Amino acid sequence: MEYNASKIEKKWQKHWEEQQIYKVSNDSDRPKYYVLDMFPYPSGAGLHVGHPLGYIASDIYSRYKRLKGFNVLHPMGFDAFGLPAEQYALTTGIHPAVSTDQNIARYKEQMRLLGFSFDWSREVKTCDPNYYKWTQWIFTQLFAHYYDQTADKALPISDLVATFEQAGNAKVKAATTQTAQFNAEEWKAMGEAEQRDILMNYRLAYREMGYVNWCEELGTVLANDQVKDGVSERGGYSVVQKAMPQWNLRITAYADRLLYDLETIEWSNALKSMQSNWIGRSTGAQLFFEVDGQDEKIEIYTTRPDTIFGATYMVLAPEHELVAKLTTAEQQKDIDDYLAYSQARSEIDRMSDKQVTGAFTGAYAINPFTDKKIPIWIAEYVLISYGTGAIMAVPSDDERDQRFAENFGLEIIPVVDKSDYPEATLDDKVGKLINSGFLNGMEVKEAILAMNEKVEEMGIGKAKVNYKLRDAGFSRQRYWGEPFPIVYDENGFAKTLPLEDLPLELPKTEDFKPGKGGKSPLSRLEDWVNLGNGSTRETDTMPAVAGSSWYYLRYMDSSNPNAFASPEAVNYWQDVDLYVGGAEHAVAHLMYARFWHKFLYDRDLVPTKEPFKKLVNQGMIQGRSNFVYRANEQFAEKSFKEKLEKYQYSFQTEYPIAGGYVDFAMPEHQLAIEIKSGSDLKRYLEQRKPDYDREGWKLLLISTQEVGKYYFNFDIIAKRINRAIEGTVDNSHLEEAYAHPLFISQDVVRKRNWEASTTALHVDVNIVHNDVLDMEAFQNWRPDYKNAYFVTNKEGKYLCGHAVEKMSKSKYNVVNPDLMVEEYGADVFRMYEMFLGPIEASKPWDTQGINGVSKFMRRFWDLFFTNEQFVVSEDAPNKAELKVLHATIKKVSEDIERFSFNTCVSAFMEATNDLRKMKCNKRSILEPLTILLAPFAPYTTEELWHLLGNESSVHHATYPSYEESYLKEDEIEYPISINGKKRATAMFPSDASKQELEQAALEVEGIQKWLEGKTVRKIIVVPKRMVNVVVG
RNA sequence: GCGGGUGUGGUGGAAUUGGUAGACACGCUAGACUUAGGAUCUAGUGCCGCGAGGCGUGGGGGUUCGAGUCCCUCCACCCGCACCA
């Protein structure tokens, strides 16, 4: 019987669904194991070959764990709220709910084909009211709690109110922006409005006027991580700072726990360091400087309090609130000019040119240690958003301060002598203090401690920890998100809806355009907003991270109407054992999810401190984007690289090109054709030409040329094709192709003997559409110029090349998995994705290699067949066969445990090659091997398993274990080295003693001649490994 | 600039504790079978050399009987953050 993947797949898809073989129970004697994928945002483009990489890995691991006897939770769902659906709706008029449902259906179908063992009965969608009911509820809980630093956990706001009533806030240590102190009487004397304002300063979810990243084009506020280089990550629109009342989450309250608990989880160093950089904890001192002649103090933050004797001036951020107060009449114009200048500069300007600019306020502060008057400046290089927005400048020991001081002629007093550390840079915290009064002679570290003590003693400051982490802006002026469960009463006081009023459903409307000036679309729905009696609803919605911050908990008990998950379910599943997903979520999603989890932990709603025990970041599968540009005349002569660098912007858009390699899907057409010979080319042209003509596509044959040898001889290619098709076809169609640039694949040309090659050609075919791309798009691709090359034909000279980069619809380099599955089968596709390389590495997609895996699959299948008949022998296995089996069991299970799936596939190939040579068709070998392969190739193994006569599913079988005894060898091949260089190998008995080996090694033929005229000084024997003879 | 990571054949990659570098594939070469091959099978394939042999894991140095693996140093590339006081 021939291997027919699609027939097998259809059969078992149906069977598995009917039997619900992947349904998981919350009630099991077996140990639990929770394998989670980062749920996808269902975009309109569908899955490309990059998406399933992580899903395949996690599916293999889940299946493996199941076979090993674990009760495995392996769910899937959709992160379905968010901007793209809404953007899509604005251009097409299709409601986000509709397009989201369509996209989800498409994703599910694609996932179904790939044979994932998800328990779909637990599916979650963040836009489902039954789901976001609990997103809203958690928000109300955050609103109802504050972070108590004494208890080091979140406590109810009602406790805080009780404390205020008894003792005011003096003794409360909490994460808060409240600075003013009050006693119990003062508290009780306050009106409700004032009390509510104060409580707002404590709540973990709070509303506050704040500067936000406002994007007018998108009509919404963006989180810091959605802004890249001063423009929006999505769309690249400009972003400005705007003051608006915003809901925020007080994630900073958890900064220390988010940092220190990183040590308890198994994540990669890269990821942990990204998280800890984002938190950005630094220890330093908070200090107050008196302003000369005014009753004002400037609060600063410094990590180098030891250098205060060298503080010769101060700098405030231009936005600092004291600027207006401090500026003297004489300096007013300077300051106004500077403020105008800095306000006009966008974020992107500030980042791209870091000029030394600033202005003097005319005011002076007093250095508390030198008692000198030091000038107060304002400058862009001090950021309002970090620390206190003001610094003491120490030009002798800070690079930026130094540049500034030199530029404006300010005093520089050296305070740290680094002569003992010639290698140290200005910023290194080493050296001996000089010119620093009581600190003189101390080492920097010592001096910092001494200064902190002194400062506290003098009452002008104290040691303080600072974070880069900001509270999370949580309001979006968009339609497609969770409505806040908040009602403002007739006094404007924010109140949360009780659980029985949840979910607060997102009202249905067709009018979801962003409002003007930051109004949410919901604000236009007056019936919904106005509740009578003066109450109104909050009209902003939550950001996409809201739903994804806790979804892993919902899977534990996804249909529970009474809780986000029952305590029993949460206690059974505990936490996620293995989380697989892309690094693009390294900061935002993982940080918020950890924060929410810790909050729930504080409230005894989850049993663990961290949500994700182990995390694996799958690498990106990249695509190849090809491009062609017609070069200007001036390129004709000079050297290639020089030109590229110098003139890269003077190309004309002549042949923008869509599509990558031929075997890459083309936009809309979804072509996946590989052309390897002239006759293929002819067939291809014949079939496709009418389509292209009709649709206005131009056919362009393209490929890459060897780097450095960029001058291309068009005629050679023409000859090759002619030769390949000589006498067999009418090649008149080819003339069409000849009229356009035509090149040969880089892989072919790069071969040393291209000229001598008589074998098939690899011709990449790309389709050109004149409307597809423009110069701007080309530049946005940021192609890797190392792969660029010139080609000439009779029409001119072209710059061509390809870039390996992220797969994306907009780059026309997407490979669609459906076509791969159709051609090779899901099992082959799964195994090939694993075979590409280590799961964590990024790698370009290469369709050609899939043949190797396909060949393996058929060979494995063929082990069970003789003359197309299913025949397995019941004979007892021999030693060699047992060795292959047990070595494979050992290798595969160990490699799965360490997530090395590519080497697992190799091991299966080796085993199959070996058994094929042995002509082994014994059940005793093939049956365990089938189970072993089941996690990788679920369909094929299920079919074989049933052909072997089994009734139940192979996915419910028991994983075979290996016997060390079968791996033992009678004889071992030893490498024999002379002075560490291998000179021969020889077979020796595996139980030979050291002495025997020493003796035997010297007698090996081929070793003798190396010993002539030399003295054997030493023989090193590592039993079962090697022998090394040291001669001299 | 700071933090993290990676450098191995023509290509993707393997080598788990310092012990036969290049497993397994792709590609390529030759052959077999074929109307045909982009199917299948067989053999070969790190580089140089007719050979003996030499050289080889980004460069240089070191430790060791022995280094892709450990140490020092330099270089290149990728990712994240970036005027963070």
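Only a predicted model underlies this, so the values are computations on that prediction, with no experimental measurement involved. Here is the naming used below: chain letters follow the sequence lines, and residue numbers restart at 1 for every chain. The analysis underlying the following values was restricted to heavy atoms, covering all of them including side chains, and did not include hydrogens, waters or symmetry mates.
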Nearest to the side chain of [X] - [options]?
| X | options | result |
| --- | --- | --- |
| A:E894 | B:rG80, B:rC24, B:rU16 | B:rU16 |
| A:S906 | B:rG80, B:rG4, B:rA23 | B:rA23 |
| A:K468 | B:rG19, B:rC81, B:rA15 | B:rC81 |
| A:M1026 | B:rG53, B:rG19, B:rG4 | B:rG19 |
| A:T302 | B:rA85, B:rU20, B:rA15 | B:rA85 |

Rounding to an integer number of angstrom, what distance separates [N] and [M] when you compare their [atom1] atoms?
| N | M | atom1 | answer |
| --- | --- | --- | --- |
| B:rA21 | B:rA82 | P | 47 Å |
| B:rG51 | B:rG61 | C1' | 35 Å |
| B:rA25 | B:rC77 | P | 35 Å |
| B:rC81 | B:rC47 | P | 42 Å |
| B:rU11 | B:rG22 | C1' | 13 Å |
| B:rA14 | B:rG4 | P | 23 Å |
| B:rG37 | B:rC28 | P | 15 Å |
| B:rC24 | B:rA15 | P | 13 Å |

Open item on the list: Could you check whether A:F404 and A:Y313 have their ring centres less than 6.0 Å apart?
Closed with: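 Ring centres of A:F404 and A:Y313 closer than 6.0 Å.
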Open item on the list: Taking the ring of A:F908 and the ring of A:F860, is the distance between their centroids below 6.0 Å?
Closed with: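 Centroid distance A:F860-A:F908: not below 6.0 Å, so no.
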Using only side-chain N and O atoms of [X], determine if any of them is under 4.0 Å from OP1 or OP2 of [N].
| X | N | answer |
| --- | --- | --- |
| A:Y301 | B:rA85 | no |
| A:N902 | B:rA14 | yes |
| A:R281 | B:rC84 | no |
| A:R916 | B:rU42 | yes |
| A:N979 | B:rG66 | no |
| A:K855 | B:rC26 | yes |
| A:R983 | B:rG54 | yes |
| A:R1025 | B:rU17 | no |
| A:R859 | B:rU40 | no |

Task: Chi angles and distances behind the salt bridge (Lys or Arg N to Asp or Glu O under 4.0 Å) call for A:D895, A:K891 - done: CA-CA 6 Å; A:D895 285 359; A:K891 171 87 178 146; 3.0 Å; yes
Across the strands shown, which category fits [X] at heavy-atom distances under 4.0 angstrom: base, sugar-phosphate, nothing?
| X | answer |
| --- | --- |
| A:M909 | sugar-phosphate |
| A:K981 | sugar-phosphate |
| A:N913 | sugar-phosphate |
| A:E973 | base |
| A:K890 | nothing |
| A:I391 | base |

Euclidean distance, atom [atom1] of residue [X] to atom [atom2] of [N] [Å, nearest integer]:
| X | N | atom1 | atom2 | value |
| --- | --- | --- | --- | --- |
| A:N617 | B:rU6 | CG | P | 14 Å |
| A:L383 | B:rC84 | CG | C1' | 7 Å |
| A:L469 | B:rC84 | CG | P | 18 Å |
| A:Q402 | B:rA85 | CD | P | 17 Å |
| A:I384 | B:rC84 | CD1 | P | 16 Å |
| A:L316 | B:rA85 | CG | P | 18 Å |
| A:D862 | B:rA39 | CG | P | 16 Å |
| A:R1017 | B:rG66 | CZ | P | 13 Å |

Taking the side chain as C-beta and beyond, is there a heavy-atom pair between [X] and [Y] under 4.5 Å?
| X | Y | value |
| --- | --- | --- |
| A:K994 | A:I1019 | no |
| A:F289 | A:I300 | yes |
| A:I1007 | A:R983 | yes |
| A:Q286 | A:N466 | no |

Task: For B:rG9, glycosidic torsion class - syn if within 90° of 0, otherwise anti - done: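 Here B:rG9 takes the syn form, which means its glycosidic angle is within 90° of 0.
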Task: B:rC81 base / A:N277 side chain donor-acceptor hit below 3.5 Å - done: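 Such a pair does not exist between side chain and base.
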Open item on the list: Would you say NZ of A:K883 has more than 12 non-hydrogen atoms from neighbouring residues, nucleotides or ligands within 6.0 angstrom?
Closed with: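 Check fails, neighbour count at 12 or below.
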Open item on the list: Could you check whether A:K890 pairs with A:E894 (Lys NZ or Arg NE/NH1/NH2 to Asp/Glu carboxylate O, under 4.0 Å)?
Closed with: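 So A:K890 pairs with A:E894 through a salt bridge.
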Task: Partner of A:Y832 under ring-ring contact (aromatic ring centres under 6.0 Å, His included), chosen from A:F901, A:W845, A:F856, A:Y824 - done: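 Only one option passes, and that is A:W845.
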TODO: With RNA chain B as reference, determine whether A:N466 or A:V1030 sits nearer its 5' end, using the nearest nucleotide of each.
DONE: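 Comparing both residues, the 5'-ward one is A:V1030.
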Task: A:R400 or A:V1029, whichever maps to the more 5' nucleotide of RNA chain B - done: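 Looking at RNA chain B, the more 5' nearest nucleotide goes with A:V1029.
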Open item on the list: Nearest 0.5 angstrom please: A:I889 CD1 to A:L929 CG, how far?
Closed with: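 Between atom CD1 of A:I889 and atom CG of A:L929 there are 8.0 Å.
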Open item on the list: Counting Watson-Crick and G-U wobble pairs with both distances under 3.5 Å, what is the dot-bracket string for RNA chain B, 5' to 3', using [ ] for crossing pairs and | for pairs to another strand?
Closed with: (((((((..(((......[....)))((((((.......))))))(((....)))..(((((..]....))))))))))))....
